[in-house]
Structures are given as structure tokens and as C-alpha cells.
Amino acid sequence: MKAIASDRYGSAENLALRDVDVPRIGAGEVLVEVHAAGVDPGVWIMMTGRPLAVRLASGIRRPRNPVLGRAVAGVVSAVGDGVTRFRPGDEVYGTAESGTFAQFTRARERRLARMPANLTFDQAAAVPISAVTALKAVKDARVRAGQRVLVIGAGGGVGSYAVQLVKQRGALPTGVCGPSKVSLVRSLGAVEVIDYSQREIDSSGVHHHAIIDTAGNRPLSLLRRVITPDGVIALVGGGHAKGAVLGGFGRQMAAPLISPFGRARLAGVTAREHHADLDELTRLLEAGEITPVVGRTYELAEAADAMRYLEEGHATGKIIVSVRR
Ligand SMILES: NC(=O)c1ccc[n+]([C@@H]2O[C@H](COP(=O)([O-])OP(=O)(O)OC[C@H]3O[C@@H](n4cnc5c(N)ncnc54)[C@H](OP(=O)(O)O)[C@@H]3O)[C@@H](O)[C@H]2O)c1
């Protein structure tokens, strides 16, 4: 099968379209024919091997799995022993184990869900990592109806869902984004939009009940200036290019330790990959309460360009690699 692969950590220049073996599935696993794959900062981390801490899981000197990509939408091709929820022909989405920038991928049954009936494969591949993370952030931030919630990075992969999920809970999202995304963020339901090229988040004197920070590039002292004393600051992203060893994870891991020393509660958000969250999102997607924002779509052979665009750090909504057009 065709796949985008690299045998070493580094830049997008290393990525090449290659012929590799179709993955073999074991018990509890599903072989999925990939129609579309999601692109997110986690893929960049696997491509570069940075921050270095991730190599403990992905391979110290070189990636154990040369094929990139985790989020997938596609069609079940075969199922392993013990798989009960799917059979060949089912349309599914979720996260995979063997790389999704490929014609086939291997996924654990528990990390897959039935695909929402109203989405295309490209739209569905935009959900598994980013929307699941946004859902966890909204829960960790304890967002309730009527509250003011600041979403930083509101026009990106996670932020575009976070704005919609805050609104869906009856709360009032304020989105923070660059100038090119102001109208998009407003269309997603933000009651106010802060264009960070014009003013900072503390310029209006408003205090928010919760902050969901996906950009991760403002000091905690600034975030604490704009939160109510009993509010929650949900730390999602930490600027994936920063810090050689822990990168953005450092701040999230430290959150429980530093939380008691200062205004508001800090919550380091860690999304889990389980079909229960996807099932919850499927209901919201099919009810039209949230919609994926697919900003750019690339063909499989153009995956390196998709990674370069992601690396610029200003993606609009989700970036998708459309494998089967
Ligand atoms: N904790 C977890 O489990 C988890 C899971 C998934 C992702 N993440 C992390 O979450 C972060 C965001 O992921 P993503 O998929 O949403 O990335 P993304 O699609 O690249 O979006 C990032 C967004 O931040 C905006 N941005 C950049 N600088 C900004 C600034 N100074 N202020 C406000 N917004 C700014 C960018 O566009 P504009 O500048 O044009 O507005 C872009 O839309 C990453 O660090 C990722 O590693 C964490």
C-alpha cells in the first residue's frame, strides 16, 4: 500500500510517499481502509521526535513506526478476534495505532466509533483528536450555562470545537485569534472576539469564569488577571515547538503542583482516546450542534506540505489529508 513515511525524526523534508506492507491486525483490532486522516500538532511531535520525552514511547533514536498520522475516518476492511462492534463495510472514525497517512491502518476497536451519518470522510477525520480534546477541556473547565468563557486559539483545530462546545452548553464564549479568523470565530458562536494583533486579553477588564488555552503562549500571570477567583484555567496546548525535553507538556504536568499558589484553579488537560467520547460527539454532530471546520485539504502525496502549513502555527480549523478522493 502507499503511505507517507520517514525512518528518522526531523523536518517534513524527510517525508516520502512509499510502498509499505498493509498492517497486520491482532485480537481486538480493526483494519481500516483510510479515506481521510487528520493533521494535528501531535503528528508534528511524532515527525520531529520533539519534545524529546515522547521518544520514550515512540523510539529513542528513530521512530518505531515510520508512518505518520493518528486520526482516521474510513471503512472497516477486516476485524480481529474478539471484535464485536464492527464488521467489514462499516464507516468508522477514531485514532489508529499504525499511522493514518496511508491506504490502510490498524486501530484498536475501543478507539473507533461509528462515523456520524451527516459527515463526509474529510469532516469525520477532523474530529477524533481535536474535538475529543475540546470536549475534555470544556469538562475540565467545568463550563456551565451563563458563564463567560475565554477560548484562546479559537480558530484552530481544538479551539474551533471549544467555542462551539462552550456555546452548546449555554455559556458565552469569547474567542481569541489572529485577524484572519475573526469572522470565522464569530460564526462559530463567539459572543465576542479578541483579535490579538489589536489588543490583549486583559484590555477590557472582563473576568471570565473559565479559560481554555489552546495556544499556550501567554504567561499564567496574564491568564490569572482575567479569571474570576473561583474560575478554572484549562491548559490544553503549550506551544508545541517550545522546550527540548518536555515542550508544552511541562506546563500541563506542573498544573496540579502550581495550582494552589495563585488565583483560580489550573487544570492540565489530557484527552483520552476512547469511543465513549466519540459517541458523545457523534450525537452532537448529528444534531447539528457542532460542525467540523475543515480549513485545508491535501492529497496523500502532499502530506509534507500539510505538515509545513501546520508548522507555521496559524492553521484555520482542521487540516486534512484526503487519502481516497
Ligand atoms: N492536551 C491534549 O491532550 C492535547 C490534545 C490535542 C492538542 N493539544 C495541543 O493543543 C495545542 C493546539 O492544538 P490545535 O490542534 O488546535 O493546533 P492548531 O490547529 O495549529 O491551532 C492553533 C491555533 O492557535 C492560534 N494562535 C497562534 N498564536 C496565537 C496567539 N498568540 N494567541 C491566540 N491564538 C494563537 C493559531 O491561529 P491564529 O494565530 O491565526 O489565530 C491557530 O489557529 C497544541 O499545542 C497541541 O499540541 C493538546
Side-chain angles (χ1 to χ4, degrees), residues 38-48 50-51 53-54 70-71 95 125-141 150-165 174-186 188 190 193-203 211-219 222-223 226 233-243 246-255 266-274 277 292-296 306-320:
V39 181
D40 66 87
V43 182
W44 182 90
I45 287 170
M46 288 301 150
M47 180 182 82
T48 58
R50 290 188 166 262
V54 302
R70 272 186 74 74
T95 48
V127 176
I129 288 175
S130 303
V132 166
T133 303
L135 183 65
K136 182 71 165 42
V138 166
K139 289 179 179 177
D140 285 358
L150 189 69
V151 179
I152 304 176
V158 177
S160 58
Y161 287 110
V163 171
Q164 297 182 73
L165 288 165
T174 292
V176 183
C177 61
S180 64
K181 302 190 175 74
V182 171
S183 54
L184 166 71
V185 172
R186 193 162 282 129
L188 296 174
V193 182
I194 297 175
D195 169 356
Y196 65 75
S197 70
Q198 300 298 316
R199 59 191 176 105
E200 234 333 324
I201 57 174
D202 59 349
S203 61
I211 298 174
I212 296 173
D213 183 10
T214 77
N217 45 16
R218 284 174 180 75
L222 175 55
L223 302 183
V226 298
I233 302 174
L235 303 169
V236 178
H240 55 280
K242 271 188 298 187
L246 286 176
F249 301 128
R251 193 159 83 153
Q252 277 152 265
M253 286 163 63
L266 301 181
V269 176
T270 309
R272 61 178 193 149
E273 294 173 354
H274 191 272
D277 293 320
V293 177
V294 176
R296 284 200 192 178
M307 295 305 298
R308 285 185 202 100
Y309 174 57
L310 174 82
E311 203 165 27
E312 289 169 14
H314 299 285
T316 298
K318 285 293 301 177
I319 309 165
I320 296 299

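Small disclaimer: the values here were computed from a predicted structure and weren't measured. Read the numbers this way: they start at 1 and go in the same order the structure lists the ligands and their atoms. Position 1 is the first residue of the sequence; numbering continues from there.
Evaluated by nearest non-hydrogen atom to atom 10 (O) of ligand 1, the leading choice among Gly237, Ala234, Gly313, Pro179 is Gly237. For atom 25 (C) of ligand 1, the choice among Gly155, Ala271, Gly153, Gly295 with the nearest heavy atom turns out to be Gly153.
A side chain to side chain contact (heavy atoms under 4.5 Å, CB included) with Ile211 is found for exactly one of Thr174, Ile152, Ile201, namely Ile152. Screening Val269, Thr270, Leu235 for a side chain to side chain contact (heavy atoms under 4.5 Å, CB included) with Asp140, the sole residue that qualifies is Val269.
The shortest separation from a heavy atom of Arg218 to ligand 1 is under 4.0 Å, placing the residue in contact. Taking 4.0 Å as the cut-off, Gly216 does not count as a neighbour of ligand 1 on heavy-atom distance. Within the 4.0 Å heavy-atom cutoff, Gly42 does not count among the residues contacting ligand 1.
Which parts of ligand 1 touch Val269 is read off a 4.0 Å heavy-atom cut-off, strictly below it: atoms 1 (N), 2 (C), 3 (O). Taking every heavy atom of Ile152 and a limit of under 4.0 angstrom, the matching atoms of ligand 1 come to 33 (C). Counting the atoms of ligand 1 from 1 in the order shown, those under 4.0 Å from a heavy atom of Thr270 are 3 (O). Residue Thr133 approaches ligand 1 through these ligand atoms, each under 4.0 Å from one of its heavy atoms: 2 (C), 4 (C), 5 (C), 6 (C).
At a heavy-atom distance under 4.0 Å, only side-chain atoms of Lys181, from C-beta outward, approach ligand 1.
Here the closest heavy-atom approach between residue His314 and residue Tyr196 is recorded as CE1-OH, 3.4 Å. Across every non-hydrogen atom of Val43 and Val39, the tightest pair is CG2-CA, 4.5 Å. Taking every heavy atom of both residues into account, Pro128 and Val132 meet most closely at O-CG2, 2.8 Å. When all heavy atoms are compared, the tightest approach of Ala137 to Val236 is CB-CG2, 3.8 Å.
The shortest N or O to N or O distance between Val236 and ligand 1 is under 3.5 Å. Backbone and side-chain nitrogen or oxygen atoms of Tyr196 are examined, and one is located within less than 3.5 angstrom of a nitrogen or oxygen of ligand 1. Polar contact check, Ser180 against ligand 1: no nitrogen or oxygen pair lies under 3.5 Å apart. Where the criterion is an N or O separation shorter than 3.5 Å, residue side chain and backbone included, Ile129 fails it with respect to ligand 1. At under 3.5 Å, not a single nitrogen or oxygen of Ala215, backbone or side chain, sits near a nitrogen or oxygen of ligand 1. At least one N/O-N/O distance between Gly178 and ligand 1 falls below 3.5 Å. Of the N or O atoms in Leu310, none lie within a sub-3.5 Å distance of an N or O in ligand 1. The distance criterion of under 3.5 Å between nitrogen or oxygen atoms is met by Asn217 with respect to ligand 1. Geometrically, ligand 1 and Cys177 share no nitrogen or oxygen pair separated by less than 3.5 Å. Here's the thing with Pro41: none of its N/O atoms is less than 3.5 angstrom from an N/O atom of ligand 1.
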**Asked** Passes salt bridge (Lys or Arg N to Asp or Glu O under 4.0 Å), Asp277 versus Arg272? Steps please.
**Response** CA-CA 8 Å; Asp277 293 320; Arg272 61 178 193 149; 3.0 Å; yes

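Side-chain N or O atoms of Ser130 include none that pairs as donor or acceptor with a backbone N or O of Val127 at under 3.5 Å. Side-chain atoms of Ser197 do not come within 3.5 Å of backbone N or O of Gly178 as any donor-acceptor pair. The main-chain N or O of Gly156 is found under 3.5 Å from a side-chain atom of Ser160 such that the two form a donor-acceptor pair.
Within the 4.5 Å cutoff, the side chain of Leu150 has no heavy atoms near those of the Ile212 side chain.
Qualifying side chain to side chain contact (heavy atoms under 4.5 Å, CB included) partners for Ala126, counting only residues two or more places apart in sequence or in other chains: Tyr161, Pro292, Val294, Lys318, Ile320.
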